[in-house]
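The basis for the numbers below is simple: all heavy atoms, side chains too, and nothing from hydrogens, waters or symmetry mates.
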Amino acid sequence: MNRVELSMFEYAVFVFNELVSSQQRNDFKPFTIIWKSNVGFVTARTVYYKNDLYPVLNQTIKSDFITYDLFKPEKEKYDVFSMVRRTVYDYFDANYSPERFSIIDRPDILMEKLVELSKIEYDSNVLTPSYSTVWNVETIDAKLSFPFIDNNILQITQPVTLISKN
């Protein structure tokens, strides 16, 4: 997977977690992705979220502040995050039924489905994130933990599994 595909998958998991939480499932614990990387298995964020809610596509540093280009879910083919959001919502929420969320008990199948849903073809005019960083990086053995690492140093190649305390 390339960097954009990794980010699209992470956002698909984010949207799924949001959907399940919105169904008043108080016992639900969000899924976290375990990634394969050049330093072993890690948890990390490949998407930068403004206020932990809105995926940022790009950020620009001005003289005394930072401006953010956020995703635009109201625009159909504006950016990849909006496209992923629409696809995940359409699959899981279009005709809501409690059975559709029984996939929570099978994270292996959920991961396959979210990988499939996040593989969206898009034109060159659709905005994609331009990050040089991976955030909240922690090795599985918890020996290394960093608030961020440069993308050129930590190469995440693919999701390995989804974990949750469900």
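In this structure, L70 is not a member of the same hydrophobic cluster as F65, with clusters built from ILVMFWY side-chain heavy atoms closer than 4.5 Å. Linking ILVMFWY side-chain heavy atoms closer than 4.5 Å, directly or via other members, places F28 and L53 in a single hydrophobic cluster. Cluster membership check: V160 does not share its hydrophobic cluster with V42, using side-chain heavy-atom separations under 4.5 Å among Ile, Leu, Val, Met, Phe, Trp and Tyr. Clustering ILVMFWY residues whenever any of their side-chain heavy atoms sit less than 4.5 angstrom apart, transitively, puts F31 in a cluster other than the one holding I140.
Looking at N151 and V134, their side chains come closer than 4.5 Å, going by heavy atoms from C-beta outward. Residues E116 and Y91 fail the side-chain proximity criterion, which asks for heavy atoms closer than 4.5 Å. For the pair L117 and V84, the minimum side-chain heavy-atom distance is 4.5 Å or more. A 4.5 Å side-chain heavy-atom check between F16 and K113 finds every atom pair outside the cut-off. Looking at heavy atoms from C-beta onward, D52 lies in side-chain contact with R45 at the 4.5 angstrom threshold. Put simply, the side chain of T67 reaches to within 4.5 Å of the side chain of K62, judged on heavy atoms. Here the side chains of Y49 and F14 are in contact, with some heavy-atom distance below 4.5 Å. Under the 4.5 Å side-chain criterion, counting only non-hydrogen atoms from C-beta, I34 is in contact with I163.
Side-chain atoms of S22 come within 3.5 Å of backbone N or O of L19 as a donor-acceptor pair. Side chain of S37 to backbone of L154: no donor-acceptor contact under 3.5 angstrom is found. Using modelled atom types, one side-chain atom of N2 and one backbone atom of E5 make a donor-acceptor pair closer than 3.5 Å.
The distance from atom OG of S118 to atom CZ of R85, rounded to the nearest 0.5 Å, is 15.0 Å. The line from CG of N17 to OG1 of T32 is 7.5 Å long, rounded to the nearest 0.5 Å. Note that the CG atom of D108 and the CD1 atom of I103 stand 8.5 Å from one another [nearest 0.5 Å]. Distance OG1/T43 to CD/E138: 5.0 Å, rounded to 0.5 Å. Note: Q158 CD to K36 NZ = 5.0 Å, rounded to the nearest 0.5 Å. Taken to the nearest 0.5 Å, the OG1 atom of T87 stands 7.0 Å off from the CE atom of M83.
Side-chain atoms of D79 and S82 include a donor-acceptor pair closer than 3.5 Å. Using modelled atom types, one finds a donor on one side chain and an acceptor on the other under 3.5 Å when comparing T46 with E10. N58 and S130 are linked by a side-chain donor-acceptor pair at a separation below 3.5 angstrom, with hydrogens and angles left out of the test.
Of all heavy-atom pairs spanning V13 and L162, the tightest one is CG2-CD2, 4.0 Å. Nearest heavy atom pair, residue P159 against residue V115, reads CG-CG2, 4.4 Å. When all heavy atoms of I156 and A44 are compared, the pair lying nearest together is CD1-CB, 4.0 Å. In this structure, E76 and R86 approach most closely via the heavy-atom pair CA-NH2, 3.5 Å. The minimum heavy-atom distance between L114 and A12, with the atom names listed, is CD2-O, 3.9 Å.
For F81 and Y54, the ring centers are positioned 6.0 Å apart or more. A ring-centre distance under 6.0 Å is not found for Y48 and Y131.
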Problem set entry | Residues F71, Y78; criterion ring-ring contact (aromatic ring centres under 6.0 Å, His included); working and verdict | CA-CA 8 Å; F71 85 126; Y78 177 77; 9.5 Å; no
Problem set entry | Verdict with supporting geometry, I104 and L110, side-chain contact (heavy atoms from CB on, under 4.5 Å) | CA-CA 7 Å; I104 291 169; L110 173 62; 5.7 Å; no
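F41 CZ: 12 or fewer foreign heavy atoms inside a 6.0 Å radius. The neighbour count for K72 NZ, taken as heavy atoms of other residues, nucleotides or ligands under 6.0 Å away, is above 12.
Taking the charged nitrogens against the carboxylate oxygens, K50 and D69 have no contact shorter than 4.0 Å, which rules out a salt bridge.
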Distance-only criterion, 3.5 Å: show the donor-acceptor pairs between side-chain atoms of residues 143-150 and protein atoms not counting sequence neighbours.
| from | atom 1 | to | atom 2 | distance (Å) |
| --- | --- | --- | --- | --- |
| D150 | OD1 | N152 | N | 2.6 |
| D150 | OD1 | N152 | ND2 | 3.3 |

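F9 and W35 have perpendicular rings, their planes meeting at more than 60° on a 0 to 90° scale where under 30° would count as parallel.
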